[in-house]
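Below is one structure, written out as structure tokens, with a few remarks after it.
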Amino acid sequence: MGFIEELKWRGMLQDMIPETEDYVNSGSASAYIGFDPTSDSLHVGNLATIMLLVHFQRYGNKPIALVGGATGMIGDPSGKSAERNFLDEGQLRLNQNCIEKQLRQFLDFDGDAAAVVVNNYDWMKKISFLDFIRDIGKHITVNYMMAKDSVKNRIEGQGISFTEFSYQLVQGTDFYHLFSEMDCKMQMGGSDQWGNITTGVELIRRKRGDKAFALTCPLVTKADGSKFGKTESGNVWLDRERTSPYKFYQYWINASDEDAVKLIKVFSLKSKEEIESMILQHEKEPHLRIIQKALAEELTERVHSKSDLTKAIEATNILFGKSTKDQLVDLSERDILEVFEGVPTFHIGRDDLSSSPGIIDFLAGTTEILSSKGEARRSVKENSISVNKEKVGDAKLVSDSDLISDKYIVVQKGKKQYFLVVVD
RNA sequence: GGGGGGAUACCAAAGCGGUCAAAUGGGGCAGACUGUAAAUCUGUUGGCUACGCCUUCGUAGGUUCGAAUCCUGCUCCCCCCA
């Protein structure tokens with residue numbers, strides 16, 4: 001099986017320039033993908049295109065990750081209804097470094113097909129405006145550029161600045177540069193990049209009469225229409241400071257049955273046979289959540305580490321397993337801190353408990369777990385509040401006897417929302 | 001420049017003098033069912049010292065016993081004509 005075949009069965013192939021397959025199979029191909037440095041961390045939404053590079057490299061090809069220092073200063077109009085704000089150079093540099101570090105977790109930077117990270121700011125900054133419009137702009141017609149969906153939509157809609165209009169040429173310049181300087185004849189990306197990518201292919205054809213190759217993968221979507229890689233609280237990041245390993249693990253565990261099948265094909269490095277047999281099992285016994293677990297385990301380990309994974313699983317067992325108050329009480333202080341890492345935590349004084357506040361006051365007064373007493377009353381009435389894993393009614397008084405390790409109280413709202421109260 | 005329409009809770013959208021803390025839909029949250037899934041059903045979705053009180057319908061004033069509803073100034077949006 002070749003690289004293209006691999007992408008096909010994984011559902012990762014959307015569009016392809018003719019003869020791309022021949023190029024990839026020719027031996028040592030080289031391809032690049034651009035990453036936007038709008039933040040200092042990548043998120044799981046970037047993961048699909050990272051996987052393109054990973055698979056590409058596994059077939060012996062050389063992957064190039066381009067960090068868009070220059071393009072990040074302009075803003076891609078694709079999928080955007082309005083103009084973007086600029087980022088300053090210092091911020092961009094910082095973001096680039098962080099992103100490069102994250103990419104190193106996925107790609108092999110040694111050997112014959114060693115991955116490379118490049119930054120387009122390094123060559124774009126040397127190109128003067130006159131050079132640009134003479135050497136690049138001359139080769140592509142405005143008619144061609146306006147026909148791209150990303151541009152067309154904006155011309156018919158909110159309008160588009162010249163800056164963003166020229167984005168596809170800047171990205172095309174990148175491709176041209178890598179083609180000429182690094183013999184990189186191929187560009188990959190998400191399907192939203194198709195328009196920008198083909199401009200580069202066209203530029204190379206007109207300017208040097210050479211054929212360049214490209215392919216895109218479909219954007220990962222969820223069955224319920226919500227955006228992949230997002231939770232109520234925002235993006236799911238690869239950076240542990242932004243998304244803890246536990247939350248990262250939980251994101252995958254919570255995938256719906258339908259989504260899980262799609263996701264494992266895209267994100268797992270397991271073999272075709274292995275994945276297909278898992279899907280069969282999954283369809284027979286969905287309640288075991290084989291695929292969700294496999295996904296969560298594989299990705300948490302790759303993005304974070306084996307020990308982070310172990311901790312995430314332990315925390316999951318305690319929080320979602322059949323654990324009872326007794327097991328909670330048995331936890332050592334260290335376990336508690338570890339399990340509840342990243343859980344919203346409230347600190348109270350010891351005297352706050354001496355008066356044995358009622359549960360309503362405790363939730364919305366002593367602590368700020370809930371924002372008002374009205375909400376606290378409602379939640380208790382809805383039977384959604386648990387203290388140390390036990391449902392409580394409105395007559396509940398909170399006192400010293402509720403303390404675990406003489407210091408902690410675990411509060412739950414519903415099944416999934418945990419809060420830790422620490423008595424200092 | 002001329003004419004017209006609009007701004008209501010997280011969003012969309014009713015209400016056009018008291019019966020409005022404000023219909024309805026979506027979203028959120030919770031409960032039931034389950035598998036920490038999906039679908040479905042139910043409840044809930046301004047605050048409080050709570051059969052009452054307080055603050056909210058762009059903003060600042062005014063009329064009135066009483067205003068989201070009427071009047072005036074201001075800010076912002078949209079449409080049509082030029």
### Task
Return the nearest nucleotide to the side chain of A:K391; candidates are B:U44, B:G31, B:C48.
B:G31

### Query
A:D259 CG to B:A39 P: how many Å, rounded?
11 Å

### Task
Starting at CZ of A:F35, measure out to CD1 of A:I99 and round the result to the nearest 0.5 Å.
9.0 Å

#### Entry: Integer angstrom distance from the C1' of B:C76 to that of B:G26
26 Å

### Integer angstrom distance from the P of B:U24 to that of B:C33
28 Å

### Message
For the P atoms, the ones on B:G58 and on B:C10, what distance do you get once it is rounded to whole angstrom?
### Response
14 Å

### Summary
pair_partner(B:G1), Watson-Crick or wobble, both distances < 3.5 Å, evaluates to B:C81

#### Entry: Backbone of A:S379 reached by a side-chain donor or acceptor of A:S384 within 3.5 Å
yes

### Neighbour count above 12 (heavy atom, 6.0 Å) for A:E5 CD
yes

### Query
Is the Lys NZ or Arg CZ of A:R240 less than 6.0 Å from the centre of A:F248's six-membered ring, within 45° of the axis?
no

## Note on the structure
A:K416 NZ to B:G28 C1', in whole Å, measures 14 Å

### Distance-only donor-acceptor test, A:E382 side-chain atoms vs B:G31 base atoms, 3.5 Å
no

### Query
Any donor-acceptor pair under 3.5 Å between the side chain of A:K415 and the base of B:U34?
yes

### Query
If the C1' atom of B:U40 is compared with that of B:U34, how far apart are they to the nearest Å?
12 Å

### Query
Among the nucleotides B:C48, B:A37, B:G35, which one has an atom lying closest to any side-chain atom of A:S372?
B:C48

#### Entry: Pairwise 5' ranking along RNA chain B for A:E375 and A:Q417, keeping only the more 5' one
A:Q417

#### Entry: Distance between P atoms of B:A14 and B:A9 (Å, rounded)
13 Å

### Query
Does a distance-only test, which skips hydrogens and angles, find a donor-acceptor pair under 3.5 Å between the side chain of A:Q250 and the base of B:U36?
yes

### Message
Distance check needed: B:G28 C1' versus A:L370 CG, whole Å only.
### Response
14 Å

### Query
Given that both distances must come in under 3.5 Å, which nucleotide forms a Watson-Crick or G-U wobble pair with B:A7?
B:U75

### Task
Select one nucleotide: of B:U36, B:G35, B:C48, the one nearest the side-chain heavy atoms of A:N254.
B:U36

### Task
Verify the neighbour count for atom NZ of A:K391: are there more than 12 heavy atoms of other residues, nucleotides or ligands below 6.0 Å?
yes

### B:A22 and B:U55, which share atom name C1', separated by this distance in whole Å
14 Å

#### Entry: Euclidean distance, atom NZ of residue A:K284 to atom P of B:A37 [Å, nearest integer]
24 Å

### Distance between P atoms of B:C16 and B:A23 (Å, rounded)
14 Å

### Query
Could you give the CG-to-C1' distance, from A:N383 to B:U42, as a whole number of Å?
14 Å

### Between B:A38 (P) and A:D224 (CG): distance, integer Å
8 Å

### Query
Can you tell which of A:I409, A:I348, A:T366, A:L403 makes a side chain to side chain contact (heavy atoms under 4.5 Å, CB included) with A:V398?
A:I409

### Message
Both A:S379 and A:A364 contact RNA chain B. Which one's nearest nucleotide lies toward the 5' end?
### Response
A:S379

### Task
Could you check whether A:K293 gets within reach of a base, just the sugar-phosphate, or nothing at all, counting any heavy atom under 4.0 Å?
nothing

### Message
Between B:A21 and B:U8, how far apart are the two C1' atoms, rounded to whole Å?
### Response
12 Å

### Task
To the nearest Å, give me how far apart CZ (A:R377) and C1' (B:A30) are.
17 Å

### Task
Check every strand shown and say whether A:K413 touches a base, only sugar-phosphate, or nothing at a heavy-atom separation below 4.0 Å.
sugar-phosphate

### Task
Please determine, for B:U69, whether a Watson-Crick or G-U wobble partner exists with both distances under 3.5 Å, and give it or none.
none

### Query
Is the base of B:C79 syn or anti, where syn means the angle lies within 90° of 0?
anti

### Task
Send over the distance from A:D361 CG to B:A50 P, rounded to a whole Å.
12 Å

### Message
Using a 4.0 Å heavy-atom cut-off, does A:R378 contact any base of the nucleic acid, only the sugar-phosphate backbone, or nothing at all?
### Response
sugar-phosphate

### Query
Hey, what's the ring geometry for A:Y23 with A:F213, parallel, tilted or perpendicular (30° and 60° as the breaks)?
parallel

